[in-house]
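Take a look at the structure below.
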Protein chains: 2
Amino acid sequence: MALSPLTEAFTLHFGEMGSRWGINRTVGQIYALLYLSDRALPADEIADELRFSRSNVSMGLKELQSWRLVRLQHLPGDRREHFSTLGDIWQIVRTLAEERRRREIDPTLTVLRELIMEPAETDSDRHAQLRLREMHDLIELLMRWSEDVQKLDTADLIKLLKLGGRVVALLGLKNRMPLIGKGERHNTTSAAEQDA
Amino acid sequence: MALSPLTEAFTLHFGEMGSRWGINRTVGQIYALLYLSDRALPADEIADELRFSRSNVSMGLKELQSWRLVRLQHLPGDRREHFSTLGDIWQIVRTLAEERRRREIDPTLTVLRELIMEPAETDSDRHAQLRLREMHDLIELLMRWSEDVQKLDTADLIKLLKLGGRVVALLGLKNRMPLIGKGERHNTTSAAEQDA
DNA sequence: CCGAATTTCCAGGAATTCCTGAACTTAAGA
DNA sequence: TCTTAAGTTCAGGAATTCCTGGAAATTCGG
């Protein structure tokens, strides 16, 4: 079976985008194909449609499963394994966020904490540690926010997102205190530390 | 001059992380070095410390400048160009978000729109278009949120982030209250959203 | 302008990542 | 248990990306 022009265009674009985000092009294309498909597909069919070797597809699917982005199912009367993406796109986002966090963000935070704890020998190192702390606090803040809003059910999450920055005005959070001294300048570390 | 162990550890980790996000390892290391440095550095010094060729550093800096993540300055009495990162880490986040959007998100949205407009020949294509619309609406919602909260000044943005999902309860959004003071309607996520 | 310092460009070798075919393993069904 | 379709693994060739040295271009002080 040949790919429809629609599916082909999307898989190509998605593969291209994937490779810009550190995802192997063919893995991206496999995911794109499954994402658009209205049924679970067996590996040999994927290989056929995308013109990849069977083994390449096997490796790609393993990778996608390790990200929990693709799941395996058995169809009655067919011995082959069939693969599909998560049906709910919000669940896809949640899964992606969790996995990226687990694999990349948390280890990075650990490294940052270790380096910040290290006794500094020089002024230069002390400055570097300030920068590291800024980065650490920023990432931690963003991750806490992300973790927190992911607990919302999807409808509420959508409402929150649609509200955007208006939340600040609605809740009267706007900082009305006169800017003292530093004008527009915001020191990240202290700003991130102060309680809202 | 040799790299301090602190700086070396960070540049190595950052380069490694960068390569997982589609950024060339050496470009990541150059950025990391500049990020930690307490002064602007000339290219030859960067090449020295990281043990890269002068030309590699030149290409890396060009790349970083094209992302507006590194800026060039001239120091009095020195003919060489000196480079530094943005001082405010929140500005770094804003710049990154803008550039990624411009380079990757917007073109993707364009492709998605084109494919959704295409007349569908088959049921399979019709299903694919529903999936494409879900993705389009989701990305658009996230981008609008991001663009919107970036207009806040940093102190307010931090407050909003710290608040996390509690916004929903505080504003009573759970009870189907209409959004206060809303003229324009965001027509995003029509496919992805289920209004509770 | 001249000349030296600095930066940029680029061809091609180095390094890395990707992909395949073939051999091997597994397990379902007869 | 045997047969065979299906799945996995992996060595090594293909493709891509990276990096360097040398040469050209640019810039600035004199």
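Chain naming here is simple, since letters A, B, ... match the order of the sequence lines and numbering starts at 1 in each.
Not a single donor-acceptor contact under 3.5 angstrom links the side-chain atoms of A:Arg79 to the base of D:dA6.
Nearest-nucleotide positions on DNA chain D for A:Phe83 and A:Arg25 put A:Phe83 closer to the 5' end.
Distance alone, capped at 3.5 Å, is enough to place a donor-acceptor pair between the B:Arg131 side chain and the A:Gly87 backbone.
Whole-Å rounding puts the A:Arg20 CZ to D:dT16 C1' distance at 16 Å. The interatomic distance linking A:Arg51 (CZ) with C:dT20 (C1') rounds to 16 Å, in whole Å. Following rounding to the nearest Å, A:Arg54 (CZ) and C:dA23 (C1') show an atom-to-atom distance of 15 Å. The CG atom of A:Leu61 sits 15 Å away from the C1' atom of C:dC19 (whole-angstrom rounding). Rounded to whole Å, atom P of D:dA6 lies 10 Å from atom NE2 of A:His82. Look at CD1 on B:Ile46: it is 14 Å from C1' on C:dT6, rounded to the nearest Å. Following rounding to the nearest Å, B:Ile30 (CD1) and C:dT7 (P) show an atom-to-atom distance of 13 Å. Nucleotide C:dG13 holds its P atom 18 Å from the CG atom of B:Asn56, rounded to whole Å.
At least one side-chain heavy atom of B:Leu69 sits under 4.5 Å from a side-chain heavy atom of B:Tyr31. A 4.5 Å side-chain heavy-atom check between B:Leu6 and A:Gln129 finds at least one atom pair inside the cut-off.
Aromatic ring pairs are classed by plane angle as parallel below 30°, tilted from 30° to 60° and perpendicular above 60°; the pair B:Trp145 and A:Trp145 is parallel.
Distance from the side chain of A:Ser55 is smallest for D:dT9 among the nucleotides D:dA6, D:dT9, D:dG21. Listed nucleotides: D:dC19, C:dT20, D:dT20. Nearest to the side chain of B:Phe52: D:dT20. For A:Met59, counting side-chain heavy atoms from C-beta on, the closest listed nucleotide (D:dT8, D:dG22, C:dT20) is C:dT20. Nearest nucleotide to the side chain of B:Ser53, out of C:dC19, D:dT20, C:dT6: D:dT20.
Put simply, the residue from B:Gln91, B:Lys159, B:Arg94 that forms a side-chain hydrogen bond (donor to acceptor under 3.5 Å, both in side chains) with B:Thr154 is B:Arg94.
Within the structure, a side-chain polar atom (N or O) of B:Thr26 is placed less than 4.0 Å from OP1 or OP2 of D:dC19. B:Lys62 has a side-chain polar atom (N or O) that falls below the 4.0 Å cut-off from OP1 or OP2 of C:dC9.
Note on A:Asn24: only backbone sugar-phosphate atoms sit closer than 4.0 angstrom, heavy atoms only; bases stay farther off.
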